[in-house]
Amino acid sequence: MKRHPSLHPLSHDHHHGLVLGRRLQKSTPDDSAETRLDLARQVLQMWQTELQRHFRDEEEHLLPALARKGDEHWPLILDTLQQHVDLRRRVDDVLRELEAGLAPDAAALAALGLTLQQHIRYEEDTVFPALEAALGELELARLAPRLRRE
Ligand SMILES: [Fe+2]
Ligand SMILES: [Fe+2]
């Protein structure tokens, strides 16, 4: 299904997230501390420039719009929120290490990468199609100014 134009900014972020996720997922215990620090810096950069706002946009705009469309959507909403909290926790773990000047564990980086990719695929394959089906053209168009990037 072709993505509604209102959701394009989020799908654009998803593309970046998948690239970072794949990079993180390749982390192994053989990686040097400098390689792991570099990945942690990339997590910080993407968190500050895209991911943090992206999560908020979904939580503040998309999920309430879906909730308005009926109780049958709650399982999707709750799954999405649970995945956001899990990802926020994983990102925070990596950033705490970085703040302390320590290289994060390869396993933690790889798990963050896998979880991020799985979350993005879940939204693209399940949540966004449900949203597009439930909202209709007018309400989807109303979301556009809230999701637009300056
Ligand atoms: Fe999300
Ligand atoms: Fe997303």
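Because the structure is a prediction, the values reported are computed rather than measured.
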* To do: Sorted by first residue and then second, give each salt bridge (charged side-chain N to carboxylate O under 4.0 Å, His left out) pair with at least one member in residues 89-98; sequence neighbours left out.
  =>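 Listed once each, the pairs are D86-R89, D86-R90, R89-D93, D92-R96.
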Would you mind reporting whether [Y] and [X] have side-chain heavy atoms less than 4.5 Å apart?
X    : Y    : value
L62  : L66  : no
E123 : E58  : yes
R142 : L138 : yes
E132 : L7   : yes
R149 : D57  : yes

Closest approach of [X] to [Y] (non-hydrogen atoms, all atoms of both residues):
X    : Y   : result
I77  : L63 : CD1-O, 3.8 Å
L143 : H61 : CD2-O, 4.0 Å
A144 : S6  : CB-OG, 3.4 Å
L10  : H54 : O-CE1, 3.3 Å
V94  : A40 : CG1-CB, 3.8 Å

* Asked: With a 4.0 Å cut-off, would you call D38 and R23 a salt bridge?
  ->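 Salt bridge absent between D38 and R23.
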* Asked: Should we count CZ of R146 as having more than 12 external heavy atoms under 6.0 Å?
  ->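 Result for CZ/R146: open.
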* **Residues which pass side-chain hydrogen bond (donor to acceptor under 3.5 Å, both in side chains) with S11, listed by chain and number, not counting sequence neighbours** =>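 Testing S11 for side-chain hydrogen bond (donor to acceptor under 3.5 Å, both in side chains), a comparison that skips the adjacent residues, returns E124.
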* Mind checking what makes side-chain hydrogen bond (donor to acceptor under 3.5 Å, both in side chains) contact with R41, not counting sequence neighbours? ->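 side-chain hydrogen bond (donor to acceptor under 3.5 Å, both in side chains) check on R41 returns E34.
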* According to the ring-ring contact (aromatic ring centres under 6.0 Å, His included) rule, which pairs have a member within residues 84-118, sequence neighbours left out? ->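 ring-ring contact (aromatic ring centres under 6.0 Å, His included) check on residues 84-118 returns F55-H84, H84-H119.
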Are [Y] and [X] connected into the same hydrophobic cluster when the rule is that any two of I, L, V, M, F, W, Y join if their side-chain heavy atoms are below 4.5 Å apart?
X    : Y    : answer
L147 : L51  : no
L18  : Y122 : no
L87  : L95  : yes

* To do: May I ask you to decide if L76's main-chain N or O and D79's side chain share a donor-acceptor pair within less than 3.5 Å?
  =>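 No, the answer is negative, given that no donor and acceptor are paired below the 3.5 Å cut-off.
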* To do: Please check if the side chain of Q117 supplies one atom and the backbone of G113 the other of a donor-acceptor pair under 3.5 Å.
  =>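 Yes, because the side chain of Q117 sits within donor-acceptor range (under 3.5 Å) of the backbone of G113.
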* **Pairs meeting criterion side chain to side chain donor-acceptor pair (under 3.5 Å) with involvement of residues 62-74, two or more places apart** =>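 For residues 62-74: K69-E139.
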* To do: With sequence neighbours excluded, tell me which residues meet ring pair (Phe, Tyr, Trp, His ring centres under 6.0 Å) with H8.
  =>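 Ring pair (Phe, Tyr, Trp, His ring centres under 6.0 Å) list for H8, sorted by chain: empty.
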* Worked verdict on Q82 versus L78 for side chain to side chain contact (heavy atoms under 4.5 Å, CB included) -> CA-CA 6 Å; Q82 185 177 25; L78 294 176; over 6 Å; no
* Please walk me through it: do R53 and D13 pass salt bridge (charged side-chain N to carboxylate O under 4.0 Å, His left out)? -> CA-CA 10 Å; R53 173 177 177 177; D13 293 346; over 6 Å; no
